[in-house]
Amino acid sequence: MTSEARAERGVRPAPPLDPADRRRLLAGEHHDPHGHLGAHPVPGGVVFRALRPFARSVAVTAKGLRAQLRSEGDGFFAGVLPLTEVPDYRLLVTYDHDELELHDPYRFLPALGELDLHLISEGRHEQLWQALGARPMTHQGVTGTRFTVWAPNARGVRVVGDFTYWDGTAFPMRSLGHSGVWELFLPGVGEGALYKYEITRPDGGHTQRADPLARRTECPPANGSVVHASHHQWQDAAWLERRTEHRIHESPFSVYEVHLPSWRPGLTYRQLAEQLPAYVKDLGFTHVEFMPVAEHPFGGSWGYQVTGFYAPTARLGTPDDLKFLIDALHQAGIGVIVDWVPAHFPRDDWALAAFDGTSLYEHADPQRAAHPDWGTLEFDYGRTEVRNFLVANAVYWCEEFHIDGLRVDAVASMLYLDYSREDGQWTPNARGGREDLDAVAFLQEMNATVYRRCPGVVTIAEESTAWDGVTRPTHLVGAGGFGGLGFGLKWNMGWMHDSLGYVAHEPVHRKYHHNEMTFSMVYAYSENYVLPISHDEVVHGKQALVSKMPGDWWQRRADHRAYLGFMWAHPGKQLLFMGQEFAQGAEWSHEHGPEWWLLDDSYASAGDHRGVRDLVRDLNRLYTATPSLWQRDTMPEGFAWVTGDAWEDNVFAFLRFDAQGGPLLSVSNFSPVVRHEYRLGVPERIAAWHEVLNTDAAAYGGSGVANDEPMKAEPIPWHGRRTSIAPVLPPLATIWLRPA
């Protein structure tokens, strides 16, 4: 008689499961399924128990062994074999129309280490994505996927997926102690598998949830998580090395903001890589900024209501496809900034909201949890694991996707407890103030961590209030008693609002609003600023940039060009949203994107739009080549008014200086009349000046009024200086002058 036959005859009934354990396993409420499933030594042998619903039979196979387990009902199969130790075994599972030989998930030790669990509990796991989520791996010599999820208040968690026909009964996860983490290694499950977690809530109800740490998702409206491992081979080592050589604040930084799904509708990440880098490089922008690329269920949110914080949207391809696009941009010499949204998340019942049946990621206080403006939920920044989830997420995009900057959305809504709330709808902090102390601590930790781990990366705050110290280092305490938030740059919303308000007025009325263009210099060095003409300014009835301007088509284009010339010369970095570089007249729509047809030769006015785009190209070219426009951006010594009070003339003139004192003179005439021999005081050490940029040039669609010859400085005192020049100022135009 063979050993296999002897084993068949030697299978004894297994000791019955405790009824409570049996019920809890079937209900998905057991914290320790490995203690009852799998193989365990018992007196007289080894007990094997499997939970395989819908199976006709289950057998244990090993070298020289095949033993049929006995059915215990409800999908349980068990038996005791007369063995002295647990063998290296597999399960042979027979269904009505199939037979599968599989490794038993319940024979494996935990695939997550004690250090990982300790760091998770402490809220200090800076590479959290390597510990939580679905990770293909080889464990105990077997290939499969480790599933781990944080759900501390769940009564039980099970893995469901296309490999279980979305029934979770067979795969309950084990709880790893007080960490709140549940774990299960599933042999044979690999890349591309669809999965979710089936969570048993404290009230006994069940909910299927996408993985908060999923690195890939199904394409919306489907919302399953996808097992993923990256295979992209980066080719941007030279770029990463170069970006650490210069401080952002002392470097050229002009940003082209892009909504990837609508820049060229229908293109994938890889197809975008064939077009976007070349376009951005041709226009001379130093960086692109992607509106949020993290997965989101509703395209109309433009990505600002995120459900998959660790997964790029599947609408345009895989995570490796996005890496390919970023790599292509880097190889073209273009930095990549990504909008990041840690301020809130949507209430979808398959995502983060009440994830384990309790207020887990959101604040437990309903007044603190509900975002008053967007119908979303706010994160509980005071909970260590939640803060860790977000800090690690910031690091994830920088380290895994090689991005060069994070623009953090809606910072103001995070900083204030009374943001968009009336009296009685919020509770003061422990100091009696309205600041959200937890959010402040989170932002400080996030910035400090990113700057420590990711050399050359910049963080940028969209912060619309006068919070003190947004770009101040975290260790420096300000007058309000808070350390700086630690951002590298901040969007200058005040400049944007005031300057757009000014140019929207008819020229005859602009003299009454002159201060709207000069006020920014009162606070220009209070923070490190970006001047943003972003997507927010060209939607929802606000009109495209050129359409904000008054007058006929020629005047509107002229104002548009003059404004861009003023903006590129003003202290601060630049950001321009797609479509505005060629004076698109219609508001942006995420459904059809920029109106590229305006540039087509078949369109009668295509030359007008190409002229504006040519100006943007020249602005960027001259900007990058002129250190006086960026080298001392954050230093008052880098700027001086020539005339900031020529309100009757609608004229603004100022000097910018590089580190060696080399100047550039910018003069803007926001009136529709030519101003001949307009005298301006200039530094006496400069003998002559010549015009290097004129937004009224005929090549850009202007009238062609220009200063063709160098202008010698004359010993005529003006504007408090001993020498002066008298250029002609074209109508509705900005000119730049440099030493001849």
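For the numbers below, each heavy atom of this structure counts, side chains included, while hydrogens, waters and symmetry mates do not. Each residue takes its place number in the sequence, starting with 1.
The aromatic ring centres of F566 and W568 sit 6.0 Å or more apart. When ring centroids are compared, F654 and F639 come within the 6.0 Å threshold. A centroid separation of less than 6.0 Å is found between the aromatic rings of W553 and H609. Remark: aromatic rings of Y525 and Y529 are distant, center separation not under 6.0 Å.
Residues D320 and R270 are not paired through a salt bridge, judged by the lack of any N-O separation under 4.0 Å between the basic side chain and the carboxylate. Look at R216 and E295 and you find no salt bridge, because none of the NZ, NE, NH1 or NH2 atoms lies under 4.0 Å from a carboxylate O.
No hydrogens or angles considered: nothing links the side chains of N669 and Y678 as a donor-acceptor pair under 3.5 Å. W239 and H330 form a side-chain donor-acceptor contact under 3.5 Å, judged by distance and modelled atom types alone. Side-chain contact check for N515 and T518: no donor-acceptor pair (N or O, by modelled atom type) lies under 3.5 Å. The closest side-chain donor-acceptor pair between W554 and D608, if any, does not fall under 3.5 angstrom. Between the side chains of D373 and S420, at least one donor N or O sits under 3.5 Å from an acceptor N or O. Checked by atom type, the side-chain pair S534/D536 shows no donor-acceptor distance below 3.5 Å. S262 and W588 share a donor-acceptor pair across their side chains, judged by distance under 3.5 Å alone. Under 3.5 Å, the side chains of W689 and N707 contain no donor-acceptor pair of N or O atoms. Under the 3.5 Å distance criterion, with hydrogens and angles disregarded, no donor-acceptor pair is assigned to the side chains of D559 and Q555. If you check the side chains of D404 and H287, you find no donor sitting under 3.5 Å from an acceptor.
Residue E245 qualifies as enclosed at atom CD: its count of foreign heavy atoms under 6.0 Å is above 12. Counting non-hydrogen atoms of neighbouring residues, nucleotides and ligands closer than 6.0 angstrom, the CD atom of E648 exceeds 12 such neighbours. Heavy-atom contacts from other residues, nucleotides or ligands closer than 6.0 Å to CD of E241 number 12 or fewer. Environment of NZ in K542: crowded, with over 12 heavy atoms of neighbouring residues, nucleotides or ligands closer than 6.0 Å. The number of heavy-atom neighbours closer than 6.0 Å to NE2 of H497, taken from other residues, nucleotides and ligands shown, is 12 or below.
When all heavy atoms are compared, the tightest approach of K323 to S230 is NZ-OG, 2.9 Å. The shortest heavy-atom contact between V503 and P550 is O-CD, 3.1 Å. The nearest pair of heavy atoms linking P663 to L655 is CB-CD2, 4.2 Å. Scanning both residues, T734 and S666, for their nearest heavy atoms gives CG2-OG, 3.9 Å. Looking at every heavy atom in both residues, R561 comes nearest to G702 through NH2-CA, 3.3 Å. In this structure, P277 and I334 approach most closely via the heavy-atom pair O-CD1, 3.4 Å.
Going from atom OG1 of T471 over to atom CG of L489 covers 7.5 Å, rounded to the nearest 0.5 Å.
Taking the six-membered ring for Trp and thresholds of 30 and 60 degrees, F652 and F670 have ring planes more than 60 degrees apart, a perpendicular arrangement. Relative orientation of the Y603 and W597 rings is perpendicular, given thresholds of 30° and 60° on the angle between their planes. Between H570 and W495, the ring planes are tilted. Angles from 30° to 60° get that label.
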With ring pair (Phe, Tyr, Trp, His ring centres under 6.0 Å) as the criterion, how do W596 and Y279 come out once you've worked through the C-alpha distance, each side chain's angles and the decisive distance to 0.1 Å? CA-CA 13 Å; W596 297 107; Y279 183 80; 5.4 Å; yes
Under the side-chain contact (heavy atoms from CB on, under 4.5 Å) rule, what do D696 and I735 come out as? Steps first, then yes or no, please. CA-CA 8 Å; D696 189 51; I735 61 174; over 6 Å; no
Evaluation steps, side-chain contact (heavy atoms from CB on, under 4.5 Å), between V667 and V651: CA-CA 7 Å; V667 189; V651 170; 4.1 Å; yes
Step by step, work out the salt bridge (Lys or Arg N to Asp or Glu O under 4.0 Å) result for R656 and D633. CA-CA 9 Å; R656 299 292 306 278; D633 246 347; 2.8 Å; yes
With side-chain contact (heavy atoms from CB on, under 4.5 Å) as the criterion, how do L564 and L576 come out once you've worked through the C-alpha distance, each side chain's angles and the decisive distance to 0.1 Å? CA-CA 9 Å; L564 292 179; L576 191 66; 4.1 Å; yes
Step by step, work out the side chain to side chain donor-acceptor pair (under 3.5 Å) result for T465 and E463. CA-CA 6 Å; T465 74; E463 203 283 312; 2.3 Å; yes
Starting from the C-alpha separation in whole Å, work towards a yes-or-no answer on salt bridge (Lys or Arg N to Asp or Glu O under 4.0 Å) for K548 and E537. CA-CA 10 Å; K548 298 175 190 290; E537 307 317 312; 5.2 Å; no
Can you check side-chain contact (heavy atoms from CB on, under 4.5 Å) on L665 and V682, steps first, answer last? CA-CA 8 Å; L665 173 60; V682 293; 4.1 Å; yes
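No option in H535, H344, H296, H371 other than H535 meets the ring pair (Phe, Tyr, Trp, His ring centres under 6.0 Å) test with Y304.
Here salt bridge (Lys or Arg N to Asp or Glu O under 4.0 Å) pairs that include residues 576-590, with residues two or more places apart or in two chains, number zero.
For R510 and Y502, the positive end sits near the middle of the six-membered ring, less than 6.0 Å away and at most 45° from its axis.
Side-chain contact between L325 and L260 is present, with at least one heavy-atom pair separated by less than 4.5 Å.
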